[in-house]
Structures are given as C-alpha cells and as structure tokens.
Amino acid sequence: MQNYPPKFPSATCALCWAEFWDYETPKVVVVKNRNLGIIYRIIQVLIIIYFVVYVFLFQKAYQETENAPESYVMTKMKGISFSNTSFEKRIWDVVEFVNPPEGRDIFSITLQTVTTPFQTLRTCAEDIEVPEANCTTDSDCVAGEMEMLGNGVKTGKCVTYKDSTKTCEIYAWCPVEKEPDERCLKCFLVSAQNFTILIKNTIYFPKFRFTKGNLQENVAPDYLRNCTFSEETNLYCPIFPLNFIIEKAGETFDDLVRKGGVLAVVISWNCDLDKSASECNPKYSFRRLDFVSRHNNVSSGYNFRHAKYYIMNNTEYRTLIKVYGIRIDIIIHGQVKLLC
Ligand SMILES: Nc1ncnc2c1ncn2[C@@H]1O[C@H](COP(=O)(O)OP(=O)(O)OP(=O)(O)O)[C@@H](O)[C@H]1O
C-alpha cells in the first residue's frame with residue numbers, strides 16, 4: 001500500500017517556495033497558576049543572581065585574563081655558622097653551605113655532612129653494607145666484576161674488612177664512605193635557623209605589558225640588611241629567616257636537620273589591573289614539597305653527594321661529602337585581569 005504519492009524534486013521545490021511566503025509567530029500561553037508562577041520567578045531570580053554576583057562581580061568574566069607571567073628570581077643567603085667536631089673545627093659561610101652558588105630559584109642549604117677525607121684511587125676492602133661484598137675465600141670475588149650499589153671494581157681477592165669479617169677487595173676511591181652509626185645532630189649548623197634568604201622576584205605579563213617586583217623602591221641602601229619580611233608590616237622586604245620558612249611550612253628545624261627535606265616558597269601575583277598598581281601585591285605561602293619522602297622509611301628526606309679534589313705529593317685526593325640539607329624551591333604563580 002502506498003500512503004503518500006511519490007514526491008518528485010519539482011513538487012518539493014514548489015512546496016518550499018509556498019512555505020517561504022508564510023508568516024510565522026510564536027503563540028504565548030499564559031498559565032494562571034500561582035505555584036507555577038512562583039517557580040518560574042525563582043528560576044529567573046537565580047539566573048540573574050548567578051550572572052550578576054558570580055559571573056560579573058566574583059569571576060569578573062567581562063575582564064580579559066592572562067596567566068603564567070614571565071618571571072625572574074634571584075636568591076642570596078646570608079649567615080655564618082661554626083661546627084666543632086672530633087674531626088675539625090670549621091667555619092661555615094655561605095660559600096660552604098649554599099648549593100649551587102649562583103642564586104637560582106632552586107638551591108639547597110647544607111645542615112649536616114658525612115665526610116670521607118683523603119680518598120685516593122687504590123685498593124681497599126669493600127663496604128660490608130654492599131650486596132655480594134662478603135667473602136670467605138678469593139674464589140668468592142670475581143676479578144673485574146662490579147656491583148652497581150658498590151664502590152669499585154673487584155680485584156679477585158678476599159681481604160679483611162674488620163676483625164674476622166672479610167669482604168672482596170676493590171679498586172676504588174679508598175677508603176670508601178661509611179655512614180656513621182650515629183650522626184651528631186647538634187654538631188652542625190645549629191645557627192642555620194637564623195640564616196636569612198633574600199628572594200628577589202620580578203614578574204611581567206606581556207599581553208598587558210604589566211611588570212612588578214617584590215622589592216621596596218626608594219628606600220635607604222642598607223634597608224635590606226636591616227629588615228625582615230612580615231606579611232602585615234613589611235610585605236616588600238623579601239628577607240626571610242630560614243626558621244620562618246620552616247615554621248610557616250608546618251615543620252620543625254630538628255626534624256629537617258635529621259634527614260633533610262624540600263620546602264617551597266610560593267609567590268602568587270593575582271591582580272586586577274583595573275585597580276591601581278599599588279593594589280597588586282605578592283602573596284607568599286610556604287609548604288613542604290617532599291611529603292612522600294617524609295612518611296617513607298625507604299627513602300626519606302633530601303641528600304646528595306659531591307667531592308672536593310686536590311693534589312698532594314703528586315697524588316690526586318678527594319674529600320667525599322654526603323650532604324643532608326634543606327632544598328628551597330621558589331615557585332611563582334600569577335594571573336592578572338583587565339577590562340577589555
Ligand atoms: N640574605 C640576606 N639577608 C640580609 N641582607 C641581605 C641578604 N642578601 C643580600 N642582602 C643585602 O641586601 C642588599 C642587596 O643585596 P645585593 O646582593 O643586591 O648587593 P651586594 O652589594 O652584592 O650584596 P653583598 O655584597 O652584601 O652580598 C645588600 O646590602 C646585601 O648585603
């Protein structure tokens with residue numbers, strides 16, 4: 001059965017042409033129902049409130065925004081400390097305890113060291129803690145073999161490590177490093193808490209050509225030497241005592257000195273450029289970044305090794321230094337808005 005006559009293109013075209021000349025208008029139906037009317041008005045009011053309060057007043061969606069400013073950070077530490085160990089009496093100035101020295105946005109402060117002095121390239125017994133180091137006869141030590149967690153290449157001999165304990169002999173920087181049973185936590189850099197850090201920061205938003213820095217302008221040349229940061233009274237004095245950063249990050253110096261750790265100083269520049277530039281101020285926050293290592297027995301804290309080389313009697317020596325310390329990361333955030 002065929003319901004509709006077959007439509008030919010010419011017939012469809014004629015229909016369209018006829019409809020083109022029709023007049024259309026929506027028909028409004030007024031429902032006289034109080035409840036329905038109340039719901040309708042409430043929805044209208046909610047939509048108006050959303051746009052006026054949230055979109056316009058709070059989000060300021062009529063403004064153009066720019067995120068991720070170009071940023072310059074320079075850091076400089078000041079401080080001096082004295083350590084008195086059985087090994088040596090030592091003065092620690094910034095050259096000793098700041099790594100790297102150029103004043104980058106990521107740097108570390110040495111709080112404790114495990115030092116292995118007078119290492120030379122020669123043979124010695126492998127450290128007992130190294131896997132496969134224990135031996136009873138020379139046949140346990142394959143010459144030329146290297147243990148990736150070890151300190152050198154095996155010579156093929158089994159030698160005395162301590163008392164009756166024997167380990168494979170290795171060719172390495174000897175003597176090899178030994179972690180002391182107990183590190184003297186009070187020996188090192190106790191006064192490090194009072195060290196101060198200058199953090200110079202300038203941001204630039206290229207779209208709006210807006211730039212600002214965190215340093216007070218037009219002040220006495222020795223202003224920075226005498227001021228300390230305070231969010232309430234000294235926002236533009238970016239000199240932070242180390243202990244201030246540690247406390248604000250919710251940590252204690254004693255905890256950090258044991259294993260080291262990584263702290264962040266976050267500087268946020270969130271500004272409304274429709275207001276005066278003086279109302280665009282940095283906001284500082286502080287937190288510990290290496291939370292994963294803090295609650296972890298396998299690898300906790302922050303440490304690294306470096307060596308100082310020297311030549312004595314035509315022999316090259318090095319002092320191996322394992323450093324435990326605080327790494328500071330300066331992180332810059334920013335967002336500005338301007339009426340377009
Ligand atoms: N961490 C800090 N704590 C206190 N004052 C500081 C700190 N870092 C720098 N200053 C002081 O801030 C001022 C500006 O430092 P800047 O590094 O620009 O100049 P400088 O003359 O090279 O400093 P300096 O020779 O003292 O290291 C100097 O007076 C400097 O001593």
Side-chain angles (χ1 to χ4, degrees), residues 69-83 90-113 188-204 211-254 256-257 260-269 277-278 280-289 302 304 306 308 323-334:
E70 291 168 8
S71 163
Y72 153 84
V73 172
M74 200 285 283
T75 55
K76 188 180 260 191
M77 279 204 76
K78 295 272 181 192
I80 194 111
S81 189
F82 172 64
S83 69
R90 194 179 184 105
I91 285 287
W92 295 78
D93 59 10
V94 281
V95 179
E96 302 273 325
F97 61 74
V98 178
N99 265 297
E102 313 95 79
R104 292 208 200 137
D105 53 353
I106 298 180
F107 63 96
S108 70
I109 304 148
T110 302
L111 294 181
Q112 277 199 69
T113 54
F188 286 95
L189 296 175
V190 178
S191 50
Q193 300 175 66
N194 304 321
F195 292 174
T196 53
I197 307 169
L198 164 67
I199 303 173
K200 275 202 281 187
N201 173 220
T202 305
I203 43 112
Y204 176 64
T211 186
K212 190 138 188 199
N214 68 342
L215 270 181
Q216 181 89 349
E217 286 169 14
N218 306 324
V219 284
D222 61 348
Y223 171 73
L224 285 176
R225 281 174 170 268
N226 303 313
C227 71
T228 306
F229 174 82
S230 157
E231 188 147 17
E232 293 80 32
T233 55
N234 249 348
L235 186 63
Y236 281 86
C237 164
I239 302 277
F240 302 86
L242 182 58
N243 220 19
F244 174 86
I245 295 178
I246 294 172
E247 269 173 29
K248 287 281 180 184
E251 299 293 322
T252 63
F253 184 76
D254 285 351
L256 286 169
V257 96
V262 182
L263 303 178
V265 177
V266 183
I267 309 177
S268 301
W269 296 88
S278 64
C280 177
N281 295 314
K283 188 155 178 46
Y284 293 85
S285 54
F286 308 85
R287 63 172 181 273
R288 183 157 184 183
L289 286 182
Y302 172 76
F304 61 93
H306 69 105
K308 293 175 183 169
V323 173
Y324 291 84
I326 297 177
R327 198 181 86 185
I328 307 256
D329 293 14
I330 316 291
I331 300 168
I332 310 297
H333 288 311

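Just so you know, residue 1 is the first one in the sequence shown, and it goes up from there. For clarity, every value in this text was computed on a predicted model and none was experimentally measured. All ligand and atom numbering here is 1-based and tracks the order in the structure.
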**Message:** With side-chain contact (heavy atoms from CB on, under 4.5 Å) as the criterion, how do T110 and E96 come out once you've worked through the C-alpha distance, each side chain's angles and the decisive distance to 0.1 Å?
**Reply:** CA-CA 8 Å; T110 302; E96 302 273 325; over 6 Å; no

**Request:** Among all protein heavy atoms, pick the one closest to atom 14 (C) of ligand 1 and tell me residue, atom and distance.
**Result:**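 Of every protein heavy atom, L224 CD1, 4.0 Å lies nearest to atom 14 (C) of ligand 1.
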
**Request:** Identify, for atom 3 (N) of ligand 1, the protein heavy atom at the shortest distance, and state residue, atom and that distance.
**Result:**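 For this ligand atom, the closest protein heavy atom is T196 OG1, 2.7 Å.
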
[X] side chain to [Y] backbone, donor-acceptor under 3.5 Å:
| X | Y | value |
| --- | --- | --- |
| T75 | R104 | yes |
| N201 | Y72 | yes |
| N214 | I199 | yes |

**Item:** Minimum non-hydrogen distance to atom 17 (O) of ligand 1, winning option of K200, K76, K78
**Value:**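 When every heavy atom of K200, K76, K78 is considered, K76 comes closest to atom 17 (O) of ligand 1.
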
**Asked** Taking heavy atoms and a distance under 4.0 Å, where does D222 meet ligand 1: side chain, backbone, both or neither?
**Response**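 Under 4.0 Å from ligand 1, D222 contributes no heavy atoms.
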
**I239, portion touching ligand 1 at heavy-atom distance under 4.0 Å** =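 Side chain only.
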
Suppose I only count heavy atoms of [X] and a 4.0 Å limit; which atoms of ligand 1 are within that range?
| X | answer |
| --- | --- |
| R225 | 5 (N), 26 (O), 29 (O), 31 (O) |
| M77 | 1 (N) |
| L198 | 1 (N), 7 (C), 8 (N), 9 (C) |
| I197 | 1 (N) |

**Message:** Quick one, Q193 and I246 - any side-chain contact, counting heavy atoms below 4.5 Å?
**Reply:**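 No; the side chains remain at least 4.5 Å from each other.
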
**CZ-CD1 distance between F253 and I245, expressed to the nearest 0.5 angstrom** =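 Separation between the atoms: 12.5 Å.
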
**Asked** Given the rule in the side-chain contact (heavy atoms from CB on, under 4.5 Å) test, do N281 and Y236 qualify, once you have shown the distances and angles that lead to the verdict?
**Response** CA-CA 9 Å; N281 295 314; Y236 281 86; 2.7 Å; yes

**Request:** Specify whether the nearest protein heavy atom to atom 21 (O) of ligand 1 is under 4.0 angstrom away.
**Result:**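 For atom 21 (O) of ligand 1 the answer is no, since every protein heavy atom stays at 4.0 Å or beyond.
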
